[in-house]
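Counting convention: from 1, in listed order, for ligands and their atoms alike. What you see is a predicted model; the values in this text were computed from it and never measured.
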Amino acid sequence: MTAVHISNVNKNFGQVKALEDINLEVQSGENIAILGPSGSGKSTLLRTIAGLETVDTGEIRFGGELQNRIPPEARDVAIVFQSYALYPHLSSRENITLGLRHGKKLSRAEADARATDIATRMQVEHLLDRKPRQMSGGQRQRIALARALARRSSIVLLDEPLSGLDAQLHASLRVEIAGLLQSVGATGINVTHDQADAMAMASRIAVINKGRIEQLGTPEELYRQPQTLFVAGFVGTPPMNLFAVDPATRASHFGAHIGGGDEPVTLGVRPERFHAGEGDPRSPEVWRTGGTVVLIEPTGRERIVHLQLPSRESFALLMDSDSVPAIGEHLSVWCERSHVHVYSNTTEQRLGNARERGVSLHEHALVSSM
Ligand SMILES: Nc1ncnc2c1ncn2[C@@H]1O[C@H](COP(=O)(O)OP(=O)(O)OP(=O)(O)O)[C@@H](O)[C@H]1O
């Protein structure tokens, strides 16, 4: 069953198109992430779902029912903000029960029972009598989450709930939140600029940029086949290498020669798809290039090696820690033609891989400029 259905939603703030033709369906019990950079419209989208912001055009439905005219307090949603928004003078128990008693009109006994129940589930009973200042950031965020879940809303909206927490707590809390949402059967919509959070917490991710959803898919789909140039550059750490191809010379500094079609394109190769060495010199399916090693970043398991081309453009590849070249050394690398993504510069859409698109890749540009 569809829990949240957003269709053709637009929202402007003066000249700013905060949301442009947003379409999104979230299934009941599903946990999705809205991932995008600062200012892309994530919070605005969440706020329109919560009813804190009206839409200019389009519809928001919960379980088929139109919500556009329903005020936030009457919508079946709970929201967890980045800043915990706990009342400082109230204990955790009072923070949790306040909305239940006044908003949901539960008796004190019922509200107390719910607070105890959710606190037990979340293993924070020992914090119920504390005030916010007597708790750590992570504890406060757990209480803010307990307050949201105690409402037993079928839809839980999370607006960057993990920012400001240290890395370890951040990683453990995101797993905990995803598990909790699942155990209570809630539909979760989680806004974040952090792709690791999105990938850890959500079964599907909507990548948003400049108010538009660029791609909606599983983490694997976004990673393997980014459908737009923006998604290609945004999803993945280290990011995909992107190389513009000069339509006049039909060659990139990077050594790609485009065969067939006049469309100006950009080529993309993930750092792990490059291998050091020459590859099979006879294979037309192999693209060889290379550059000067300018920077080596250790990541623990492997290293990110940055190579500079004669054009001064640089690109990255991943190498095992036991086969690391020296700074200043020339390194030859190769990759499979099917691992080269081709994007149209006009539409910014993915056209396919270099093999499917008949893009031939030569080294002449690189050689001639050296
Ligand atoms: N109340 C407002 N009045 C005017 N412009 C606004 C308002 N709220 C948001 N905007 C603009 O709308 C766009 C989207 O903002 P939004 O807060 O949704 O982005 P975001 O992706 O949540 O960003 P961040 O990650 O920085 O919070 C931005 O250009 C922002 O400046």
Side-chain angles (χ1 to χ4, degrees), residues 4-26 31-60 67-69 71-73 75 77-86 137 140-141 144-145 148 155-167 170-171 173-174 177 187-202 204-217 219 222 226-237 239 348:
V4 179
H5 191 172
I6 299 169
S7 37
N8 307 105
V9 161
N10 285 277
K11 173 77 184 176
N12 295 332
F13 292 110
Q15 297 298 309
V16 179
K17 286 185 175 173
L19 297 176
E20 211 180 333
D21 201 27
I22 298 284
N23 289 283
L24 184 64
E25 264 185 65
V26 188
N31 205 350
I32 79 151
I34 313 283
L35 173 68
S38 182
S40 57
K42 306 181 295 294
S43 301
T44 305
L45 179 54
L46 208 69
R47 291 171 61 81
T48 60
I49 298 171
L52 299 169
E53 207 75 76
T54 58
V55 300
D56 294 344
T57 58
E59 290 185 343
I60 293 178
Q67 301 293 308
N68 292 41
R69 292 177 194 283
E73 63 277 8
R75 294 192 187 187
V77 295
I79 185 161
V80 184
F81 292 103
Q82 171 175 349
S83 54
Y84 327 112
L86 296 175
R140 280 181 226 162
Q141 195 51 287
L145 188 67
I155 301 160
V156 179
L157 308 177
L158 302 121
D159 192 355
E160 304 260 10
L162 300 167
S163 58
L165 303 178
D166 69 55
H170 186 127
L173 200 53
R174 74 182 171 205
I177 292 176
T187 304
I189 303 182
N190 183 44
V191 153
T192 179
H193 65 276
D194 182 330
Q195 52 177 305
D197 282 352
M199 294 205 176
M201 294 181 73
R204 289 191 304 156
I205 300 172
V207 181
I208 187 170
N209 178 37
K210 295 183 186 154
R212 299 184 70 100
I213 293 180
E214 296 240 351
Q215 188 171 354
L216 171 67
L222 294 179
Q227 291 304 316
T228 68
L229 264 178
F230 174 79
V231 177
F234 191 69
V235 175
T237 326
E348 303 198 348

N/O donor-acceptor pair under 3.5 Å between [X] side chain and [Y] backbone:
X	Y	answer
N10	D21	yes
Q195	F234	yes
K42	N190	no
R75	Q67	yes

Quick one: look up the protein heavy atom nearest [atom] and list residue, atom name and how far away it is.
atom	answer
atom 19 (O) of ligand 1	G41 N, 3.2 Å
atom 29 (O) of ligand 1	V16 CG1, 3.5 Å
atom 18 (O) of ligand 1	T44 OG1, 2.5 Å
atom 25 (O) of ligand 1	K42 NZ, 2.8 Å
atom 26 (O) of ligand 1	S38 OG, 2.6 Å
atom 6 (C) of ligand 1	F13 CD1, 3.2 Å

| Is any heavy atom of the protein nearer than 4.0 Å to atom 14 (C) of ligand 1? |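 For atom 14 (C) of ligand 1 the answer is yes, since some protein heavy atom falls inside 4.0 Å.
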
| task | Indicate whether atom 31 (O) of ligand 1 is within a distance of less than 4.0 angstrom of some protein heavy atom. | result |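 Protein heavy atom within 4.0 Å of atom 31 (O) of ligand 1: absent.
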
| Do S43 and ligand 1 have an N or O pair less than 3.5 Å apart? |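 Such a contact does occur with ligand 1.
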
| query | Purely on distance, is any nitrogen or oxygen of G39 under 3.5 Å from one on ligand 1? | reply |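 Yes, since at least one N or O of G39 sits under 3.5 Å from an N or O of ligand 1.
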
| Non-hydrogen atom of P37 closer than 4.0 Å to ligand 1 |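 Contact check P37 vs ligand 1: positive.
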
| query | Is G36 in contact with ligand 1, taking contact as a heavy-atom separation below 4.0 Å? | reply |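 Contact absent.
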
| Between E214 and F230, what is the shortest heavy-atom contact and its length? |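 Result for this residue pair: OE1-CB, 3.5 Å.
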
| query | Can you tell which of L145, I189, D197 makes a side chain to side chain contact (heavy atoms under 4.5 Å, CB included) with L158? | reply |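 Exactly one pass, corresponding to L145.
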
| task | Nearest 0.5 Å please: distance from the CD1 atom of I49 over to the CG atom of L24. | result |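 The CD1 atom of I49 sits 7.0 Å away from the CG atom of L24.
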
| query | Looking at CZ of R204 and CG of N31, how far apart are the two atoms once the value is rounded to the nearest 0.5 Å? | reply |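 The CZ atom of R204 sits 11.0 Å away from the CG atom of N31.
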
| query | What atoms of ligand 1 come closer than 4.0 angstrom to any heavy atom of S40? | reply |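 Answer, ordered by atom number: 19 (O), 20 (P), 21 (O).
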
| query | If you count the atoms of ligand 1 from 1 in the order shown, which ones are under 4.0 Å from a heavy atom of A18? | reply |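 That gives atoms 12 (O) of ligand 1.
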
| query | Under 4.5 Å between any side-chain heavy atoms of Q141 and P161, yes or no? | reply |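 Side-chain contact under 4.5 Å: yes.
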
